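Everything below concerns the one structure shown next.
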Protein chains: 2
Amino acid sequence: MAMRAQRIGKANPAEDEAVYQAILRALLEGKLKAGTKLAETPLADIFGVSRERIRKVLHRLGAERRLEMIPNRGARVPRPTLDDVRRVYEAHRVLEAGVLSQLVLRVDDLLLARLDAHLAEERAAAQRGDRATSVRLSGAFHVHLVEALGNPELSRMLGDLLSRSSVMVSVYEPAAQSICAVDEHGAIVAALRDRDLLRAIAVSREHFLHVEGRLRLDEHGASESENLAAIFAPVKPLRRKARSAQS
Amino acid sequence: MAMRAQRIGKANPAEDEAVYQAILRALLEGKLKAGTKLAETPLADIFGVSRERIRKVLHRLGAERRLEMIPNRGARVPRPTLDDVRRVYEAHRVLEAGVLSQLVLRVDDLLLARLDAHLAEERAAAQRGDRATSVRLSGAFHVHLVEALGNPELSRMLGDLLSRSSVMVSVYEPAAQSICAVDEHGAIVAALRDRDLLRAIAVSREHFLHVEGRLRLDEHGASESENLAAIFAPVKPLRRKARSAQS
DNA sequence: GCCGTGCCAAATGTGCACATTTTTATTTTT
DNA sequence: AAAAATAAAAATGTGCACATTTGGCACGGC
């Protein structure tokens with residue numbers, strides 16, 4: 001019994017984060033198609049970490065409602081119903097209405113200036129046809145609104161909602177028109193400048209309904225995304241235990 | 001080696017739930033004082049389950065922001081700052097404003113009748129001095145409002161917020177006056193009946209500010225709650241491995 | 001007398017070896 | 001031959017044995 005100094009218990013929280021971020025990123029970028037099964041053992045091989053670590057990350061993502069966990073059957077990328085998407089959008093709409101109701105009470109020139117600056121950025125990106133930036137800035141507008149309240153609770157809520165709708169967008173939304181119209185954002189700021197809560201809420205509501213209206217109505221049965229190894233390829237294996245599971 | 005048929009791997013999800021509910025309940029009922037450390041091994045002994053099971057539950061509660069998890073140092077009952085409490089209340093206020101903005105667009109007689117019935121219950125409980133029921137119904141009012149929208153996302157958000165503020169209430173709120181005034185709830189319903197969004201939001205806002213205003217301003221250093229075994233005593237041990245850890 | 005240093009006990013984190021459940025493939029029966 | 005039944009294979013869930021880290025305490029130095 002030669003005291004096999006096992007290499008267990010490394011206590012490396014960075015590894016957890018790395019795996020978590022990698023899967024989350026793939027999820028947010030839409031690289032993982034809806035309905036794909038995320039088995040523990042293959043992922044452990046791909047990332048070169050123990051299965052328990054994968055398991056922990058998967059359960060965490062499940063708790064955040066970003067993965068669908070079925071007891072004894074593992075984790076799957078959720079396949080949201082059109083109704084699910086609508087509910088998330090509605091929640092976003094409701095939350096923003098609340099944010100606006102609080103915001104009209106404390107608008108100041110500084111905030112308005114910041115929002116105007118953001119609108120200018122959005123317009124610039126739209127004019128030069130930079131669609132990627134447009135999409136990013138379009139989402140950032142709503143983040144700006146909620147962060148103006150300086151309440152981490154609310155910011156986190158909206159963040160969760162946004163990340164989830166981002167994933168859903170990749171399923172149901174036509175890629176071309178997925179950006180919010182800059183005019184509508186401008187209208188919200190204008191209403192805010194006038195301290196007109198009812199108009200702000202109405203405009204915001206219209207805005208979200210527009211986005212919702214663009215959702216594709218057909219539920220195309222998202223196919224399983226094969227070869228997971230390729231999806232996580234850009235991420236360097238943390239340990240060199242991973243072998244290419246090429247078929 | 002007589003094939004020690006180990007009793008591991010029982011795959012009993014009910015046990016998880018039981019432990020989770022027990023701790024959550026103690027948390028919500030304020031039996032666990034803020035700052036109390038929840039070590040894994042003692043809890044495992046108390047509940048008569050394995051440490052891993054406790055660990056899983058503790059991490060889940062941490063993910064739900066109901067416990068404060070410190071790496072390598074375990075779980076503690078959070079000791080919220082007064083600012084923390086205010087932020088949760090503000091989030092609740094903002095969310096309800098959004099709910100109301102959506103609700104005025106779809107109020108019908110059925111909803112109003114239900115709310116009236118609830119108000120009647122509240123008044124009855126208040127008149128007969130049933131404080132426990134009053135507190136419960138008072139929270140249920142806000143739940144009714146959000147559930148009227150029929151959106152599970154929003155309901156879950158409010159549920160999280162409510163449960164957290166419930167815990168905080170036990171720290172900062174004077175026990176006697178912690179109930180919402182029925183009149184204020186009635187005023188919200190009245191504004192809803194008139195489809196007057198601005199008034200509904202204003203009344204709701206006032207209502208929450210009243211509750212916030214009653215918070216105790218002194219941060220009393222909540223002492224550690226000793227003898228955990230007694231706190232979880234009403235819960236029957238799941239296995240008979242627990243011995244009374246009386247000092 | 002007080003602070004820095006090093007050891008000891010306790011609590012948390014992790015990998016592994018199983019048990020259990022699910023899924024798939026094969027066989028048998030009507 | 002199709003469907004039900006059965007067995008094998010794979011994947012998930014769990015307890016346990018460690019390793020690692022943390023906190024306290026004694027000892028010694030300034």
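Here the structure is a predicted model, which means the values were calculated and not measured. Heavy atoms only: backbone and side chains are in, while hydrogens, waters and symmetry mates are out. Letters A, B, ... are given to chains in the order of the sequence lines, protein chains preceding strands, and every chain is numbered from 1.
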Atom CG of Asp45(A) to atom P of dG15(C): distance rounded to whole Å? 14 Å

What is the distance, rounded to the nearest whole Å, between atom CD1 of Ile54(B) and atom C1' of dA11(C)? 14 Å

Rounded to whole Å, CG of Asp16(B) lies from C1' of dT14(D) at a distance of 10 Å

Other residues, nucleotides and ligands only: do more than 12 of their heavy atoms fall within 6.0 Å of CZ on Arg25(B)? no

Residues that Arg60(A) engages under salt bridge (charged side-chain N to carboxylate O under 4.0 Å, His left out), provided they are two or more places apart: Glu17(A), Glu64(A)

Can you check whether Lys56(B) has a side-chain N or O nearer than 4.0 Å to OP1 or OP2 of dG13(D)? no

Length of the CD-P vector between Glu52(B) and dG13(C), whole Å: 11 Å

Just say parallel, tilted or perpendicular for the rings of His142(B) and His92(B), cut-offs at 30° and 60°. perpendicular

Non-hydrogen atoms of Glu96(A) and Ser204(A) that approach each other most closely: OE2-OG, 3.2 Å

Could you give the CD-to-C1' distance, from Glu15(B) to dG15(D), as a whole number of Å? 12 Å

Detail all sub-3.5 Å separations between protein N/O atoms and N/O atoms belonging to nucleotides 7-12 of chain D.
unit_1, atom_1, unit_2, atom_2, d
dT12(D), OP1, Glu40(A), N, 3.4
dT12(D), OP2, Glu40(A), N, 3.2

Can you list everything that forms a salt bridge (charged side-chain N to carboxylate O under 4.0 Å, His left out) with Asp84(B)? Sequence neighbours excluded, please. Arg87(B)

Got Phe232(A) and Leu32(A) here, is their nearest side-chain heavy-atom distance under 4.5 Å? yes

